[in-house]
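Below, each value reflects all heavy atoms present in this structure, side chains not excepted, and no hydrogens, waters or symmetry copies.
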Amino acid sequence: MISLFSTLLISLISLLTSAPEAELVFAGDAMQHERQLKAARQADGTYDYSPYYRAFEPYIKSADFAVINLETTLGGTPYSGYPCFSAPDSYLRPIMDAGFDMVLLANNHMLDKRDKGLKRTVATLRNAGMPFIGAYDNAARRSEVLPFIRDINGFKVAFLNYTYGTNGITIQGDVVVDYIDRAKMSRDIKAAREAGAEIMTVCMHWGDEYKLLPNDTQKRLADFLFNEGVDIIIGGHPHVIQPMELRHSDRHNKNQFLVYSLGNYISAMRKTDCRGGAMVRVKLKRDTAGRAVVDSGSYRLVFVQEPDSKLRNYRLVEPEEAMKGNLAGACREFRRNAMRIFDKYNKNVPIDTMPMSTYDK
C-alpha cells in the first residue's frame, strides 16, 4: 500500500513539475540615427552593427520567443537617419544573431521611404527568414501572414501590431500598414481566436513622445483590448518608458499583462529619458483547467552606451555597467527617473535582478 502511494505521489509530482511553461521577451524601439550610421560605417564602406545586443543575448536567447520593434526601414540607399529612416540591410543581422524571433513594423516611420521603402523592407526580412507583422507589401500578403500564430512550447500564441499613424505620409499604392482601428482590431482578434489562438498579444504604437505616463487614449484603448479578451498588450512610440501592470480580469477570469511603453531599445537619442528603455519577460502557464494563461511578468532596464575613445560603436549595456563609464551621470539620471515611475505606478510587475549569467544557456 505504501509502495502504491509512493508511486502515485511521484507520478503527481512529476506531472506538476513538468507542466508546460513558455517565456516571451519584448524589446522596445530599434532605431538608427545618423550618428549610428557614422559609427557603424567601416573603412570598406560596409556597416557593422554587431556590438549592439551582445550584452543581452543570454536574456534574449533564453526566451522561447522574442520580439522587437524595427523602427527604421530597410529602404536601401541613400541610407539616412532622422527624420526619414533607412538603414543598411546589415542592421538586421545583430537582431537575428541576438535571438529575436520576430520584428514589428507597424510604427510611424514605416513609410519614411514611401511605398517602395516598405516593400523593400518586407522583402529583405522575408529573404532573411525573419518573420514580421504590422506592415505588408499588399493585402494578399497580409492575409497570408495573419492570423500570425506560433506554437511556443505547446502554447498557441497570436500576435498583432498596430500604429497610430505614419507621420502624415500616406500610402500611394497597394502596401498595407495596420493602423489603429477598433473594428479592424476586433476582427483580427476574433479571427486569431477562431484559428486556435490561446494567448492573444497585441503590440501598440501609441502615446505621446517623451511623456513618462500614458495618456487617456492609451488607457481607453488598453481597456478596449482587454475587454476583447487580449492577454498581453505591449506598447511603444514615446521613446521613454511608461508603467506596466499585471491585472486580473473578473470578466475573463484570467491575468492580463500591460506595458504602456518599453521606451527606446537602441538609438542615438540624447535626452535623458530616451537614452535607454526596458525589456519585459512574460511567463505563460496552464491553470488547473488546462487553460493557457499569463502567470507573471518582470522587466530589466537597458542603457545605450555611446562610442568614445575606447568604444567604436554603440551598444546596449545594463545601467550598472554604464554607471562606471563616461555617461555615468546621464545613466544615473535615466535609471532614477525610470525607477521613480516603475516604483510608483507599476502593478505586480517587479524588476528582474537576476545576474545576466543566470540566463546563459
Would you say the side chains of Ser298 and Lys283 form a donor-acceptor pair under 3.5 Å?
no
Quick one: does Tyr47's side chain have a donor or acceptor within less than 3.5 Å of a partner on Gly45's backbone?
no
For Ala183, side-chain contact (heavy atoms from CB on, under 4.5 Å) partners two or more places apart:
Asp181, Arg187
Kindly indicate, with the supporting measurements, whether the criterion side chain to side chain donor-acceptor pair (under 3.5 Å) is fulfilled by Tyr59 and Glu318.
CA-CA 12 Å; Tyr59 182 83; Glu318 297 202 85; over 6 Å; no
Provide the closest heavy-atom pair for Ile266 versus Leu316 in the form atom of the first, atom of the second, distance.
CD1-CG, 4.0 Å
CD1 on Ile152 to CG on Asp64, rounded to 0.5 Å
7.5 Å
Taking atom CZ as the centre, does Arg247 end up with more than 12 heavy-atom neighbours from other residues, nucleotides or ligands that are less than 6.0 angstrom away?
yes
Taking the inter-plane angle between the rings of His237 and His239 on a 0 to 90° scale, is it parallel (under 30°), tilted (30 to 60°) or perpendicular (over 60°)?
tilted
Looking only at heavy atoms, what is the nearest atom pair of Leu212 and Pro243, with distance?
O-CD, 3.5 Å
Answer whether the closest heavy-atom distance between the side chains of Gln242 and Gln218 falls below 4.5 Å.
yes
When the aromatic ring centroids of Phe334 and Phe303 are compared, is their separation below 6.0 Å?
yes
Heavy-atom pair of closest approach, residues Arg335 and Pro319:
CD-CB, 4.1 Å
In terms of side-chain heavy atoms, does Asn326 have a donor or acceptor partner in Gln305 at a distance below 3.5 Å?
yes
Is the shortest heavy-atom distance from the side chain of Leu118 to the side chain of Val177 under 4.5 Å?
yes
Under 3.5 Å donor-acceptor, Asn161 side chain and Cys203 backbone:
yes
For a quick check under 3.5 Å, do Thr217 and Tyr164 share a side-chain donor-acceptor pair by atom type?
no
I would like to know whether Tyr314 and Ser267 meet side chain to side chain donor-acceptor pair (under 3.5 Å); could you show each step before the answer?
CA-CA 8 Å; Tyr314 286 80; Ser267 82; over 6 Å; no
Less than 4.5 Å apart, any side-chain heavy atom of Asn348 and any of Glu245?
no
Give a yes or no on whether the ring-centroid distance for Tyr299 and Phe342 is below 6.0 angstrom.
yes
Between Val175 and Val122, is any pair of side-chain heavy atoms under 4.5 Å apart?
no
For the residue pair Lys271 and Tyr210, would you count it as a cation-pi contact if the rule is NZ or CZ under 6.0 angstrom from the ring centre and within 45 degrees of the ring axis?
yes
Pairwise side-chain contact, Thr272 with Asn337, heavy-atom cut-off 4.5 Å (strictly under):
yes
Please check if any side-chain donor atom of Arg315 sits under 3.5 Å from a side-chain acceptor atom of Tyr52, or the reverse.
no
Under the side chain to side chain donor-acceptor pair (under 3.5 Å) criterion, do Asp352 and Tyr359 qualify, and how do the steps go?
CA-CA 11 Å; Asp352 178 356; Tyr359 290 104; 2.3 Å; yes
Side chains of Asn215 and Tyr260 only: does a donor on one sit below 3.5 Å from an acceptor on the other?
no
Test item: Asn138 side-chain N/O and Asp174 main-chain N/O as donor-acceptor pair under 3.5 Å:
no
Flag the pair Gln256 / Val230 as yes when at least one side-chain heavy-atom distance between them is below 4.5 Å, and no otherwise.
no
Electrostatic pair Asp178:Arg142 at N-O distance under 4.0 angstrom
yes
Just wondering, do Met279 and Tyr265 contact through their side chains at under 4.5 Å, heavy atoms?
yes
Considering only NZ, NE, NH1 and NH2 on the basic side and carboxylate oxygens on the acidic side, decide whether Arg150 and Asp101 come within less than 4.0 Å.
no
Flag for His205-Asn107: side-chain donor and acceptor within less than 3.5 Å
no
Starting from Val145, can I reach Ile149 by hopping between I/L/V/M/F/W/Y residues whose side chains sit under 4.5 Å apart?
no
Linking I/L/V/M/F/W/Y whenever any side-chain heavy atoms sit under 4.5 Å apart, do Leu258 and Ile199 land together?
yes
Check the orientation of Phe159 and Phe148. Use parallel for under 30°, tilted for 30 to 60°, and perpendicular for over 60°.
perpendicular
Lys/Arg N to Asp/Glu carboxylate O, Arg193 vs Asp231, below 4.0 Å:
yes
Flag for Glu71-Gln32: side-chain donor and acceptor within less than 3.5 Å
no
Under the side chain to side chain contact (heavy atoms under 4.5 Å, CB included) test against Met339, which residue among Ile241, Leu301, Asn346 passes?
Leu301
Which atom names give the shortest non-hydrogen contact between Ser62 and Arg281, and what distance separates them?
OG-NH2, 2.8 Å
Salt bridge (Lys or Arg N to Asp or Glu O under 4.0 Å) assessment of Glu198 paired with Lys156
CA-CA 5 Å; Glu198 298 178 285; Lys156 294 188 182 303; over 6 Å; no
Is there a side-chain contact between Phe257 and Ser296 (heavy atoms, below 4.5 Å)?
no
With a 3.5 Å distance limit and no angle check, can you tell me whether Asp29 reaches the backbone of Gly236 through a side-chain donor-acceptor pair?
no
Taking the side chain from His33 and the backbone from Ala268, do they hold a donor-acceptor pair closer than 3.5 Å?
yes
Looking only at heavy atoms, the pair that brings Pro78 and Ser86 closest together is O-CB, 4.1 Å
Can a side-chain donor-acceptor contact be found between Asp188 and Tyr162 if the only test is distance below 3.5 angstrom?
yes
Assess whether atom NZ of Lys184 is packed by more than 12 heavy atoms of other residues, nucleotides or ligands within 6.0 Å.
yes
Examine Ile189 and Met102 and state if one hydrophobic cluster contains both, with Ile, Leu, Val, Met, Phe, Trp and Tyr joined whenever side-chain heavy atoms are less than 4.5 Å apart.
yes
At their closest point, which heavy atom of Ser50 faces which heavy atom of Pro94, and how far apart are they?
CA-CB, 4.2 Å
Take Arg286 and Asp295 through the test salt bridge (Lys or Arg N to Asp or Glu O under 4.0 Å) and record every step on the way to the result.
CA-CA 8 Å; Arg286 294 196 178 275; Asp295 179 67; over 6 Å; no
Would Glu228 and Arg182 count as a salt bridge (Lys or Arg N to Asp or Glu O under 4.0 Å) if you check the C-alpha gap in whole Å, the side-chain angles of each, and the deciding distance to 0.1 Å?
CA-CA 10 Å; Glu228 291 286 307; Arg182 292 192 179 203; over 6 Å; no
Is it the case that the side chain of Thr124 and the backbone of Arg120 share a donor-acceptor pair, with hydrogens and angles ignored and the cut-off at 3.5 Å?
yes
Can the ring centres of Phe85 and Tyr79 be said to be less than 6.0 Å apart?
no
Donor-acceptor pair, Ser249 side chain versus Lys254 backbone, under 3.5 Å?
no
For Asp216, side-chain contact (heavy atoms from CB on, under 4.5 Å) partners two or more places apart
Lys219, Arg220
Judged by atom type as modelled, is there a donor-acceptor pair below 3.5 Å linking the side chain of Thr121 to the main-chain atoms of Gly117?
yes
Between the side chains of Asp137 and Lys119, is the shortest nitrogen-to-carboxylate-oxygen separation below 4.0 Å, so that they form an ion pair?
no
Please answer whether the main-chain N or O of Thr170 pairs with a side-chain N or O of Gln172 as donor and acceptor at a distance below 3.5 Å.
yes
Do the side chain of Asp115 and the main chain of Ile171 share a donor and acceptor less than 3.5 angstrom apart?
no
Under 4.0 Å between a side-chain nitrogen and a carboxylate oxygen: does that hold for Arg141 and Glu144?
yes
